[in-house]
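Beneath this line is the structure, given in C-alpha cells, with notes to follow.
Remember, it's 1-based here, ligands and their atoms both numbered in the order they're listed. Just so it is clear, the values below take in all heavy atoms, side chains as well, and ignore hydrogens, waters and symmetry mates.
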Amino acid sequence: MDIKQNICPKCGEPSEEGLCNKCKAEEVDWITFDARVQCIHCPTCGSLRHQNTWTDCEIDRDKLIEEIALDAVHIHDDVRDLKVELSSYDPSPNRTSVRVDVHAKLYGVPVESSCRVLILWSKEQCDRCSRYSGGYYAGTIQLRAEGRKPDEYEKERAIEIANRHENELQEMGERLSFITSTDEIKEGIDIVISSHNLGELISRSIIKELGGKVTRHPKLAGQKNGRTVYRMTYLVRLPRYQKGDVFEDKGRYYEIRGTDANVIRYFDLQDGSLKISKEEPAGRMIGNVKNSESAYVNYINSDIAGILDPKTYENKECILYPWLEVLEGEEVRFLRDSDKDRIIFVG
Ligand SMILES: [Zn+2]
Ligand SMILES: [Zn+2]
C-alpha cells in the first residue's frame, strides 16, 4: 500500500485528496428547479411574453412545454453526460405538469434525480394584436395615378409589395410594423400602416417598380410620452403612362418602354428611335400593346403592308416603317387609333 494514499474523512475509502468522489457528489446540490412557471401567450397570434417583451412563437405546444420545463431545471456546472426524459399531462386546461427525470455523472459518479415542473398557462392579448384590433395606425399610403386611375395590375402589385415588406419586417422582429387595413376606393387604394418605417419601404418599392413619385404629408396627431406624434400620408402618384402605352403627339406615335427611376423611355414607332425624358410626354392615349390585335400580312409592297383586318376581313394598306421587320405571310401586332381610323403597327 502506497503510504502517500489519502483516506476520505467521511467514509474512510481511499481518496486522492480530501473527500472521495462519491462523498463529494453527495455533498453537491447538483440539481435545483422552479416548481411553478408561468407562461403568458397571446390567444390570437400565439406570441409569448417574457417579462415585458413579446416574441413570436414558431414552435408547437409539445416543443414549447419541453423548452419551458428545461428552462426551469438548473444543473450544476460539474455535471457531465446529462440525459433528460420528460413526460407531461394536463391536470386542468390551464396547467401542464411535467415530470423531469435526469441521469448524469458527477465527478465520475452516476447520479439521478427527478422533479415536477408545473406550467401555468395564461392568456393576454399581445402588444401587436391589441394595436391591430384597436385600429392603430401611423400613416396611410395613397396609391393614385396621374390623370387616370391605377389599373388592376398596379393595384395588385402594390398590395403584393406591401405584404412582402410587412412579412420581412415581422420576420426581422419588428412586431409593431404591420398593415392595419387595405381599402380599395374609387381613386385607387389606401394602405394603412402602423409604422413609418413600413410606410417608407412600401411607398419607395412601389415607385421603384411601377414608376411615379412619392410625396409625404405629415399631420400632427398629438403628444405621446412627451413626444410629438405625426401621422404621415405617403401620396404615391403613378405616372400618366404605363409601360406599353401608345400615344399620339403631333401626328406621330410613340410607345412607352419604361417609367422607372424618374425617367420615361419611349419608342418612336416611325423611325424606331428611343427617347428619354424626365417629364411625362404630352399626347393622346391610343391604347396599350398588351391589348394589341394581330393580323395576317397578305403582301408587302415597299413601305406598304396589306393586312387582313381581323374584324372586317377587309384588306387594309398600312405604312410599314423600316424598323419593323415583318415578312409576307407572317402575323403583325397593331393598335387602332379609332379617332383617326388608322392602324399602328407595334411589332
Ligand atoms: Zn467518501
Ligand atoms: Zn397576438
Exercise. Would you call Glu66-Lys63 a salt bridge at under 4.0 Å N-O?
Worked result: yes
For this session: Measure the CG-CG distance between Leu143 and Leu238 for me, rounded to the nearest 0.5 Å.
Result: 4.5 Å
For this session: Compute the angle centred on the Zn ion (ligand 1) spanning SG of Cys23 and SG of Cys11, and express it rounded to 10 degrees.
Result: 110°
Exercise. What's the SG-the Zn ion (ligand 2)-SG angle here (Cys129, Cys42), rounded to 10 degrees?
Worked result: 110°
Problem set entry | Pair Arg164 + Glu168, salt bridge at N-O below 4.0 Å | yes
Seminar exercise, completed: Taken to the nearest 0.5 Å, the spacing of Met285 CE from Gln242 CD works out to 7.0 Å
Exercise. Which angle, to the nearest 10 degrees, do you find at the Zn ion (ligand 1) between SG in Cys20 and SG in Cys8?
Worked result: 120°
For this session: Using the Zn ion (ligand 2) as the apex, give the angle to atoms SG (Cys126) and SG (Cys45), rounded to 10 degrees.
Result: 110°
